[in-house]
Amino acid sequence: MSVQERKQRERAERERLIVARARQLAEEQGWDAVTTRRLAESIEYSQPVLYSHFRGKREIIGAVALQGATELAAAVRAAASGTSGPRERVAALARAYLDFAERHPAVYDAIFQLDGGLAYAQEDTPEPLKDAFGALLECLGEVAGDGVHPGLFTETFWASLHGLATLTRAGRLPPEDTGPRVELLVDRLTVV
């Protein structure tokens with residue numbers, strides 16, 4: 001291995017460490033606790049080293065969002081693949097999505113609520129974000145119904161899931177009714 005390859009590997013490892021620690025701090029204490037000073041201290045690097053990887057907290061949030069989008073896409077695909085029919089796939093997708101939002105609130109916020117400097121629904125949208133939407137579209141497109149654009153249907157279904165996730169987390173919807181809400185959403189929006 002050349003010196004250049006070793007330096008690139010070490011740089012990539014430092015970047016993974018920064019993102020993992022930022023994510024951990026955010027999940028434990030919220031994004032307000034993630035400051036560049038605190039993050040640099042917790043990974044035992046100086047702030048200039050941290051800034052050599054990320055220009056600031058915004059880019060770190062973006063990196064967490066991209067990692068989270070990859071995980072969300074995998075969770076949705078895994079849930080949908082273990083089902084027998086279209087309606088069951090949609091219900092499994094919805095439960096997996098809401099479960100991800102509940103288990104990883106800081107990551108969910110990085111993806112959908114916070115400004116990580118990422119473009120959404122544009123030509124320059126990063127691949128992990130496109131893939132997360134693609135994972136939803138793969139399952140939901142088949143149940144959109146005749147004459148309904150699969151992309152628009154997927155956006156509407158996703159917006160409904162996002163609303164359920166954020167309103168439940170904010171205490172505006174009782175969590176014990178999540179199951180019936182998912183069933184209602186699936187029953188009303190899917191044509192099988």
Side-chain angles (χ1 to χ4, degrees), residues 5-79 93-136 155 157-175 178:
E5 290 171 328
R6 181 182 53 77
K7 285 183 179 183
Q8 287 175 339
R9 189 185 72 230
E10 289 171 355
R11 180 172 177 75
E13 184 54 39
R14 272 193 313 272
E15 196 165 294
R16 279 190 293 278
L17 177 63
I18 292 166
V19 171
R21 186 62 183 133
R23 181 176 173 163
Q24 180 185 11
L25 278 172
E27 290 291 6
E28 290 172 355
Q29 301 173 32
W31 278 105
D32 288 342
V34 181
T35 64
T36 53
R37 169 176 279 159
R38 189 168 185 200
L39 192 53
E41 288 172 3
S42 71
I43 61 172
E44 299 178 348
Y45 283 104
S46 66
Q47 280 185 286
V49 169
L50 191 136
Y51 282 114
S52 74
H53 291 274
F54 299 99
R55 283 183 271 178
K57 183 176 176 176
R58 182 177 188 216
E59 283 189 4
I60 294 168
I61 290 169
V64 170
L66 294 177
Q67 186 182 72
T70 299
E71 293 169 12
L72 177 59
V76 164
R77 284 188 176 107
L93 171 149
R95 286 189 298 271
Y97 182 97
L98 294 172
D99 182 58
F100 182 90
E102 182 182 352
R103 286 185 299 110
H104 307 289
V107 174
Y108 190 83
D109 285 350
I111 300 169
F112 297 115
Q113 307 280 69
L114 301 175
D115 179 10
L118 304 173
Y120 286 81
Q122 298 176 21
E123 296 263 337
D124 59 341
T125 298
E127 270 314 305
L129 298 178
K130 288 179 182 178
D131 188 51
F133 184 78
L136 297 173
E155 289 171 352
F157 199 94
W158 165 66
S160 298
L161 291 175
H162 178 68
L164 289 175
T166 56
L167 290 170
T168 301
R169 189 164 128 211
R172 302 267 162 57
L173 295 175
T178 297

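Predicted model, so just to flag it, every value in this text is computed and none were measured.
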Heavy-atom pair with the smallest gap, counting every atom of [X] and [Y]:
X      : Y      : result
Ala165 : Ala101 : CB-CB, 3.8 Å
Tyr120 : Thr125 : C-OG1, 3.4 Å
Ala75  : Ala96  : O-CB, 3.9 Å
Pro128 : Leu66  : CB-O, 3.5 Å
Ala73  : Asp131 : CB-OD2, 3.6 Å
Ala132 : Ala69  : CB-O, 3.7 Å

Criterion side chain to side chain contact (heavy atoms under 4.5 Å, CB included) on Arg9 and Glu5, from CA distance to verdict: CA-CA 6 Å; Arg9 189 185 72 230; Glu5 290 171 328; over 6 Å; no
Arg21 and Gln24: side chain donor to acceptor below 3.5 Å: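 A pair is found: one side chain offers a donor N or O, the other an acceptor, under 3.5 Å apart.
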In the structure I gave you, are the side-chain heavy atoms of [X] and [Y] within less than 4.5 Å of one another anywhere?
X      : Y      : answer
Leu17  : Tyr45  : yes
Gln113 : His162 : yes
Val76  : Phe100 : no
Val19  : His53  : no
Ile111 : His104 : no

Rounded to the nearest 0.5 Å, what separates atom [atom1] in [X] from atom [atom2] in [Y]?
X      : Y     : atom1 : atom2 : result
Leu118 : Ile61 : CG    : CD1   : 10.0 Å
Asp32  : Leu25 : CG    : CG    : 12.0 Å
Gln67  : Leu72 : CD    : CG    : 12.5 Å
Phe157 : Leu93 : CZ    : CG    : 6.5 Å
Ile60  : Arg55 : CD1   : CZ    : 12.0 Å
Gln29  : Arg38 : CD    : CZ    : 4.0 Å

Aromatic plane relationship, Tyr108 with Tyr97 - under 30° parallel, 30 to 60° tilted, over 60° perpendicular: perpendicular
Residues Phe54, Thr36; criterion side chain to side chain contact (heavy atoms under 4.5 Å, CB included); working and verdict: CA-CA 10 Å; Phe54 299 99; Thr36 53; over 6 Å; no
Residues in side chain to side chain donor-acceptor pair (under 3.5 Å) contact with Glu127, at least two apart in sequence or another chain: none
Pairing residues for Glu155 by the side chain to side chain donor-acceptor pair (under 3.5 Å) criterion, not counting sequence neighbours: none
Glu102 atom CD, neighbour heavy-atom count above 12 within 6.0 Å: no
Pair Arg6 + Glu10: basic N to acidic O under 4.0 Å: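 Here Arg6 pairs with Glu10 in a salt bridge, since their nearest N and O are under 4.0 Å apart.
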Evaluation steps, side chain to side chain contact (heavy atoms under 4.5 Å, CB included), between Glu13 and Arg16: CA-CA 5 Å; Glu13 184 54 39; Arg16 279 190 293 278; 2.8 Å; yes
Leu98 and Leu161: CA distance, side-chain angles, deciding distance, side chain to side chain contact (heavy atoms under 4.5 Å, CB included) verdict: CA-CA 7 Å; Leu98 294 172; Leu161 291 175; 4.3 Å; yes
Among Leu50, Ile43, Val49, the one residue meeting side-chain contact (heavy atoms from CB on, under 4.5 Å) with Arg14: Val49
